[in-house]
Trainee: 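Pasting a structure below so you can have a look.
Within every chain, numbering begins at 1; the chains are lettered A, B, ... in the order of the sequence lines, protein sequences first and strands thereafter.
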2 protein chains.
Amino acid sequence: MFAPRCPSREVFAELVDKWSMLILMTLSSCGPQRFSELQRAVGGVSRKMLTQSLRNLERSGLVRRTVFPETPPRVVYDLLPLGRELAELVEPLGRWTERRAEQMMAAREEFDAAHAEG
Amino acid sequence: MFAPRCPSREVFAELVDKWSMLILMTLSSCGPQRFSELQRAVGGVSRKMLTQSLRNLERSGLVRRTVFPETPPRVVYDLLPLGRELAELVEPLGRWTERRAEQMMAAREEFDAAHAEG
DNA sequence: CTGTATCCTGTAAGATACTG
DNA sequence: CAGTATCTTACAGGATACAG
């Protein structure tokens with residue numbers, strides 16, 4: 001993964017993505033979700049980015065897309081086993097970030113203040 | 001973290017970055033490293049990106065930068081407790097990616113093949 | 001509702017050259 | 001050695017309009 005041209009680097013670089021991670025966390029904690037539910041849950045994501053990230057996750061075998069041929073159409077996304085595995089590693093990361101966010105913001109202010117002089 | 005304007009979202013978006021994660025993993029598994037050692041370890045990273053990522057990590061209180069005033073200068077980076085915490089969450093993610101990379105690549109080929117018709 | 005297609009802009013990031 | 005500064009370009013990603 002530390003080699004530029006390695007497949008694992010490629011995969012890693014795409015998974016380590018803000019939207020993908022938030023989507024995985026949402027599907028993991030909220031269960032199967034429709035497109036619009038996901039868009040509401042993942043604040044600030046555009047339809048374009050949501051579609052794109054979901055396609056990536058689907059393509060890599062992490063997420064399943066199910067279309068119910070109704071009118072209006074209903075599309076539900078849920079985690080495949082592979083996605084569940086990843087989600088369980090990502091969730092601690094999310095919880096840690098929320099727990100430590102304030103501390104990091106404080107560190108930044110301190111850093112910025114210390115480097116403002118001069 | 002699911003709210004667009006929340007500090008934790010901001011912090012999260014910056015930590016969830018290819019280079020930052022690879023740097024954290026390197027420092028965690030290899031111990032304190034000089035700038036050039038890091039650049040060699042994290043394949044494909046430019047000086048610019050390495051500097052920028054390290055600054056971010058330093059600014060947020062995850063990494064410590066130590067300058068030894070010699071000639072030629074020597075600069076060593078190592079993890080602070082906060083960085084060590086994060087690194088321990090990121091490492092499983094890295095190991096998982098390497099373990100599953102092939103499987104995901106296969107899933108992609110299958111997906112692409114299935115969507116090529118038409 | 002769940003997308004796709006198009007346009008448009010800012011910015012991420014490589015290449016290169018320079019500095020203490 | 002360990003950066004900084006500058007330039008340039010590709011692409012990420014928002015806005016908008018349209019479609020099944």
Trainee: Can you tell me how far C1' of dG3(D) sits from CZ of Arg65(B), to the nearest Å?
Mentor: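 Result: 8 Å.
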Trainee: Please name all residues satisfying side-chain contact (heavy atoms from CB on, under 4.5 Å) with Ser20(B), sequence neighbours left out, ordered by chain then number.
Mentor: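 Expected list: Asp17(B), Ser53(B), Leu57(B).
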Trainee: Just the rounded figure in Å: distance from C1' of dG3(D) to NE2 of His115(A).
Mentor: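 Result: 14 Å.
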Trainee: Applying side-chain contact (heavy atoms from CB on, under 4.5 Å), can you list everything that pairs with Thr97(B), at least two apart in sequence or on another chain?
Mentor: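 Only Met1(A), Val11(A), Phe12(A) meet the side-chain contact (heavy atoms from CB on, under 4.5 Å) criterion with Thr97(B).
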Trainee: What pairs of residues pass the salt bridge (charged side-chain N to carboxylate O under 4.0 Å, His left out) test when at least one of them lies in residues 22-42 of chain B, not counting sequence neighbours?
Mentor: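 Sorted pair list comes back empty.
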Trainee: Provide, to the nearest angstrom, the distance between the CG atom belonging to Asn56(B) and the C1' atom belonging to dA13(C).
Mentor: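 About 14 Å, once rounded to whole Å.
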Trainee: Which salt bridge (charged side-chain N to carboxylate O under 4.0 Å, His left out) pairs, counting each pair once, include a residue from residues 60-69 of chain A, with sequence neighbours left out?
Mentor: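 Salt bridge (charged side-chain N to carboxylate O under 4.0 Å, His left out) check on residues 60-69 of chain A returns Arg64(A)-Asp78(A).
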Trainee: Listed by chain and number, what are the side-chain hydrogen bond (donor to acceptor under 3.5 Å, both in side chains) partners of Arg9(A), not counting sequence neighbours?
Mentor: none
Trainee: Which is true for Tyr77(A) with a 4.0 Å heavy-atom rule: it touches a base, it touches only sugar-phosphate, or it touches nothing?
Mentor: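 The residue Tyr77(A) makes sugar-phosphate contact but no base contact.
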Trainee: Both Arg55(A) and Pro72(A) contact DNA chain C. Taking the nearest nucleotide for each, which residue is further toward the 5' end?
Mentor: Pro72(A)
Trainee: Return the value, rounded to whole Å, for the distance between atom CG of Leu54(B) and atom C1' of dA13(C).
Mentor: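 Nearest whole value for this atom pair: 16 Å.
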Trainee: Using five pairs at either end of the helix from dC1(C)-dG20(D) to dG20(C)-dC1(D), determine the angle between the two local helix axes and round it to 10 degrees.
Mentor: 50°
Trainee: Can you list everything that forms a salt bridge (charged side-chain N to carboxylate O under 4.0 Å, His left out) with Glu14(A)? Sequence neighbours excluded, please.
Mentor: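 Applying salt bridge (charged side-chain N to carboxylate O under 4.0 Å, His left out) to Glu14(A) gives Arg108(B).
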Trainee: Could I get the full list of salt bridge (charged side-chain N to carboxylate O under 4.0 Å, His left out) partners for Glu85(B), not counting sequence neighbours?
Mentor: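 For Glu85(B), the residues satisfying salt bridge (charged side-chain N to carboxylate O under 4.0 Å, His left out) (neighbours in sequence not counted) are Arg100(A).
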Trainee: Suppose we screen for side-chain hydrogen bond (donor to acceptor under 3.5 Å, both in side chains). Which residues come up paired with Glu109(A), at least two apart in sequence or across chains?
Mentor: none
Trainee: Which letters describe nucleotides 6-20 of chain D, given B = protein heavy atom under 4.0 Å from base, S = only from sugar-phosphate, - = neither?
Mentor: -------BBBBB--B
Trainee: List in chain and number order the residues that pass salt bridge (charged side-chain N to carboxylate O under 4.0 Å, His left out) with Arg95(A), two or more places apart in sequence or in another chain; answer none if no residue qualifies.
Mentor: none
Trainee: Using a strict heavy-atom distance below 4.0 Å, which residues from residues 21-36 of chain B are in contact with DNA chain D?
Mentor: Arg34(B), Phe35(B), Ser36(B)
Trainee: Just by modelled atom types, is the Leu24(A) backbone N or O under 3.5 Å from a matching donor or acceptor in the Ser28(A) side chain?
Mentor: no
Trainee: Does the side chain of Phe68(A) come within less than 4.5 Å of Val75(A)'s, by heavy atoms?
Mentor: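 They are not in contact (no side-chain heavy atoms under 4.5 Å apart), so the answer is no.
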